[in-house]
Amino acid sequence: MLAAARWIDPPTTAVHIQRRLQAWIHNKPYHERYKFIPLSQISPDLQHSVIAAEDARFYQHHGFDWHQIQIAAEDDLERGRTRGASTITQQLVKNLFFGTGRSFLRKGAEFTLVPVAEFVLGKRRILEIYLNVVEWALVFMVQSRRVVTTMEPRLGMSAGNRRHGSPRFCRLP
């Protein structure tokens, strides 16, 4: 499936299937609003913001950010606080194949697929698929190089006072 994802947009993900199943179990409607948007049509501001927030060293590693993993492990040991260090590629593999569950078994399987994803897909395609399939805390509509969040009216935000990610935090090739 990873090889096919290089050219074919994923029709669904493990997370989508999980959400559909949860809705069915709880007898609630499931409305998947999923339309794949090419990276060229996704705002560069959104691309920069997501990279800065989720994986600032995205273009400097090959799927695993060993520096962040070390920092997270030290935090776990010193403070007893669990902090994630998953990269964009790791999150993508999790969303495509494993759903939202947490386990060491999943991490082991993810560990084998992440380098394959990096090799087969490349950074640009990984980012494109990631931006299309991950779940967001706020629902974004990505349209023709601009970003509109459906939460803006509820947060008292308008186009004039919207905060954008700053490209100075990360650089897209």
Just verifying a value: how many Å separate I129 CD1 and T13 OG1, rounded to the nearest 0.5 Å?
11.5 Å
According to a 4.5 Å side-chain heavy-atom criterion applied to Ile, Leu, Val, Met, Phe, Trp and Tyr, with indirect links allowed, do I126 and F119 form part of one hydrophobic cluster?
yes
Apply the test side chain to side chain contact (heavy atoms under 4.5 Å, CB included) to residues R19 and Q22: give CA-CA distance (whole Å), side-chain angles for both, the deciding distance (0.1 Å), then the verdict.
CA-CA 5 Å; R19 298 293 182 232; Q22 288 170 339; 3.0 Å; yes
Tell me whether V15 is reachable from V134 by hopping between hydrophobic residues (I, L, V, M, F, W, Y) whose side-chain heavy atoms are closer than 4.5 Å.
no
Apply side chain to side chain contact (heavy atoms under 4.5 Å, CB included) to the pair L46 and V50, showing each step before the final yes or no.
CA-CA 6 Å; L46 177 62; V50 168; 3.8 Å; yes
Taking the side chain as every heavy atom from C-beta outward, state whether Y130 and Q47 have any pair of such atoms under 4.5 Å apart.
no
Inter-residue atom distance E118.CD - H61.NE2, 0.5 Å rounding:
6.5 Å
Under 4.5 Å between any side-chain heavy atoms of N132 and I42, yes or no?
yes
What side-chain donor-acceptor pairs closer than 3.5 Å can you find for residues 92-101, not counting sequence neighbours?
| residue | atom | partner | partner atom | Å |
| --- | --- | --- | --- | --- |
| N95 | ND2 | Q91 | O | 2.8 |
| T100 | OG1 | Q18 | OE1 | 3.2 |
| T100 | OG1 | Q18 | NE2 | 2.6 |

Would a distance-only check, ignoring hydrogens and angles, find a side-chain to backbone donor-acceptor pair under 3.5 Å from T87 to D55?
no
For E128 and L39, the nearest pair of non-hydrogen atoms, with its separation, is OE2-N, 2.8 Å
Not counting sequence neighbours, which residues clear ring-ring contact (aromatic ring centres under 6.0 Å, His included) with F36? List them please.
none
Are Y59 and W66 in one and the same hydrophobic cluster, where Ile, Leu, Val, Met, Phe, Trp and Tyr link if side-chain heavy atoms are under 4.5 Å apart?
yes
Counting only N and O atoms by type, is there a donor-acceptor contact under 3.5 Å from the side chain of R6 to the main-chain atoms of R125?
no
Please tell me if the side chains of L127 and I51 come closer than 4.5 Å, counting only heavy atoms from C-beta onward.
yes
Roughly how far, to the nearest 0.5 Å, is the NZ atom of K123 from the CZ atom of F58?
4.5 Å
Do any side-chain atoms of residues 107-116 form donor-acceptor pairs under 3.5 angstrom with protein atoms, and if so which ones, sequence neighbours left out?
| residue | atom | partner | partner atom | Å |
| --- | --- | --- | --- | --- |
| K107 | NZ | S86 | OG | 3.2 |
| K107 | NZ | E110 | OE2 | 3.4 |
| E110 | OE1 | R106 | NE | 3.3 |
| E110 | OE1 | R106 | NH2 | 3.3 |
| E110 | OE2 | Q90 | NE2 | 3.3 |
| T112 | OG1 | A109 | O | 2.7 |

Locate the shortest heavy-atom distance separating T89 from A117; write the atom from each residue and the value.
CG2-CB, 4.0 Å
